[in-house]
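Every chain is numbered from 1 and lettered A, B, ... according to where its sequence line falls, protein lines coming before strand lines.
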Protein chains: 2
Amino acid sequence: MSTIKEVAQSAGVSVATVSRVINKDPAVRPATRDKVMNAIAQLSYTPNLLGRHLRQTRTNKILVLIPSISNQFYSKIIRAMEKVSEEQGYDVLVCMTHNDPRAERRYIDMLVTRVVDGIVFFSSSLSAAQMDELASGFPVVQCSEYIEGSNTDMVVIDDEKAAYDAVSWLLRRGHKRVAYMGSQVRYSSGIRRERGYRKAVTEAGGKADERFVFLDDYSYPGGGRMAGKYLECGSDRPSAIFCISDSMAIGCINRLISEGVDVPGKVSVMGFDDTSIAKVFCPAITTVSQPQSEIGRLAAELLIDRIRNGVHKASGGKLRKIILPHDLVIRNTTI
Amino acid sequence: MSTIKEVAQSAGVSVATVSRVINKDPAVRPATRDKVMNAIAQLSYTPNLLGRHLRQTRTNKILVLIPSISNQFYSKIIRAMEKVSEEQGYDVLVCMTHNDPRAERRYIDMLVTRVVDGIVFFSSSLSAAQMDELASGFPVVQCSEYIEGSNTDMVVIDDEKAAYDAVSWLLRRGHKRVAYMGSQVRYSSGIRRERGYRKAVTEAGGKADERFVFLDDYSYPGGGRMAGKYLECGSDRPSAIFCISDSMAIGCINRLISEGVDVPGKVSVMGFDDTSIAKVFCPAITTVSQPQSEIGRLAAELLIDRIRNGVHKASGGKLRKIILPHDLVIRNTTI
DNA sequence: TGTCCGTATGTAATCGATTACATCGCGGAG
DNA sequence: CTCCGCGATGTAATCGATTACATACGGACA
């Protein structure tokens, strides 16, 4: 690989001039520019960004940290982030933590060691203090998930209220009891949704029956397994199930149907996220939708603002916690 | 942010010594090491990797380029890559091209400008010549998809044969005709699968009826839309459908069922990839499985080998094209 | 013609690390 | 007692770029 020095030599100018040409400095004579451009083409030279970034102390890249790409939910959000980022001249990198704190640490290091300019967190295993400390030195935004007690910019929905609304709706529709299917990994959103679930149940005069609070993972198979447990409960089981993801709901519904239990005839099932399959699935899934594009757009904007204006000065130093509205989408898996 | 120089000053040693401590050079006295460690902790110093990488000319990061994370197929493959990479001390970054050549170019620049050490391509919009040129200077592996006529390391399955096997199986089971549902975006794997489809149909004495070759996108809704077109074909439509992805198959099946068409009673539907939902879905989906973990593992190994041993010297300079076996997984959407 | 000024380019410091080589002090061998 | 070698540390070059500052040149003006 050729360097700026070789180009300079080959063009018969100094490295400074080559750098000027690369950076489109108007103060270089057309004739010189041409010479340099030729040399660049000749040697098929591309600047080493490490050198540039080292000098400029910025990289124009942002990192998005998610647990896993196998969860469809992130797809639309990240797409929106990419749109904003592209407009603003930033590249978006995605890394997966698989809820492994060590992996997370390695990727956070990319920020701390200045390989990227900022991070969007979807769930983190940091403590509130650690997160706050990171955010005090680097541009950081929490998205969808957030660490309880932490103070950073964030874009979220009111998960507790969303779950409360969903479960309340089921109860109002005449279901006496509602089962809960959540995540074993205690994502903050999961905790809040469970809280909303319990609140709705309690307020309706019942109390949450621990036999009907199931935990597994976010996947289709996870939903299937929980449906299995649910079926083992015998005939006094609830007539409605609130799942905290669409994948769970689908895994669950398929299991129920294959065991001959009619959905929604015998059991109503509700999902969460309104991912692309929810509308297409048969029966179409009743679910809680989040404004995914809006979430992604805002998160990217907040982050880039912090990057551009400095961690402490952006938005006058004030934190921004944006809570976006959720929405109940009634389809055909509930009566 | 503090630098190595500040740490040196604060510890009362030279930068060289600090660097030695960071890099665990055994030749530094325990007492000095402690002084330095203290200073590091005091200043909460973290090395700037740009500086290090600039000197070392490697970054220990590999980039995985995929069209979009909304396709579940990549999930398990990338997971396997992450495992290998972690063992070998590499970080995995994922970027999405959305089939936009400009976006792809920007991410390839991360390789050319030495921000990452190598790239795994899942589909690319480069020409064969461009890909070959890139591969002649940088570590590159093509995975699942590959550009026809290009010469790089690659890990793939025999898509043509896989589709041929799948469709032949349907024909042998007594289906007189088989419809094809593929991707509008002409991924190389799609082209080869279509070729395999046509070959099977032709060999069985028929010829592919263009009315029954549908193209849309890989998504659930795409499958639904094609099912709509299929239904419009009236009563002389084929009794089996071969889809080139599980999502398509699911979207398709759901649409068929909701229109009262029994699957597999009236129509058999076959998917591709054996993603996690295929087994769980009801009815469970007959599909073509690819050894995803194996694909990911091998692709990462090939790439890291090229990175470690140099583009031209790795594997004695020979290209490695690994073709892995596929497998027909018979479940309940076909008779 | 001499001074001044602006334009185009070169020189060299700099970013933050690594690392080849130099240096220093100390203990053991002769 | 001197010299050698080795272990521990420092000095300075280096990676590949950017950029502040210096300089050379040429033209305008008095």
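- In this structure, A:Arg114 places its CZ atom 9 Å from C1' of C:dG16, rounding to the nearest Å.
- The CZ-C1' distance, from B:Arg29 to C:dC26, rounds to 12 Å in whole Å.
- Considering only the side chain of B:Ile4, C:dT18 comes nearest among C:dT18, D:dC15, D:dA8.
- Counting to the nearest Å, the P atom of C:dA13 and the CD atom of A:Gln56 are 21 Å from each other.
- Side chains of B:Thr59 and B:Asp117: a donor-acceptor N/O pair is present below 3.5 angstrom, by distance only.
- Protein atom CZ of B:Arg52 is 13 Å distant from nucleotide atom C1' of C:dT19, rounded to whole Å.
- Put simply, the side chain of A:Arg20 and the base of C:dG10 share a donor and an acceptor less than 3.5 Å apart.
- When the C1' atom of D:dC15 is taken as reference, atom CD of A:Glu6 falls 13 Å away, rounded to whole Å.
- Taken residue by residue, residues 38-47 of chain A places heavy atoms nearer than 4.0 Å to DNA chain D at A:Tyr45, A:Thr46, A:Pro47.
- Within 4.0 Å (heavy atoms only), B:Ser19 reaches at least one base atom of the nucleic acid.
- Take B:Gln42 and apply the side chain to side chain contact (heavy atoms under 4.5 Å, CB included) test, not counting sequence neighbours, and it matches no residue.
- As judged by a 4.0 angstrom heavy-atom cut-off over every strand, A:Val13 is placed among residues touching the sugar-phosphate backbone only.
- For B:Leu54 and B:Ala16, each mapped to the nucleotide of DNA chain D holding its nearest heavy atom, the one lying further toward the 5' end belongs to B:Ala16.
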Self-check item: Pair A:Arg306-A:Asp153, salt bridge (charged side-chain N to carboxylate O under 4.0 Å, His left out): steps then yes or no
Solution: CA-CA 9 Å; A:Arg306 285 261 171 232; A:Asp153 285 353; 2.8 Å; yes
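- Between the P atom of D:dA17 and the CZ atom of A:Arg58 lies a distance of 16 Å, rounded to the nearest Å.
- Under the ring pair (Phe, Tyr, Trp, His ring centres under 6.0 Å) rule, B:Tyr187 has a single partner from B:Phe73, B:Phe121, B:Phe122, B:Tyr218, which is B:Tyr218.
- Between the NZ atom of B:Lys24 and the P atom of C:dA17 there is a distance of 16 Å, rounded to whole Å.
- Taking 3.5 Å as the limit, the base of D:dT14 and the side chain of B:Arg55 contain a donor-acceptor pair of atoms between them.
- A residue-by-residue look at B:Thr17 and B:Leu50 shows that B:Leu50 has its nearest nucleotide of DNA chain C further toward the 5' end.
- Protein atom CG of B:Asp25 is 10 Å distant from nucleotide atom C1' of D:dA8, rounded to whole Å.
- Here the nucleotide nearest the side chain of B:Ser14, chosen from C:dG10, D:dT11, C:dA12, is D:dT11.
- Residue A:Asn23 places its side chain closer to D:dT18 than to any other of D:dT18, D:dA8, D:dG16.
- Of the candidates D:dT11, D:dA17, D:dT18, D:dA17 carries the atom nearest the A:Asn48 side chain, counting heavy atoms from C-beta on.
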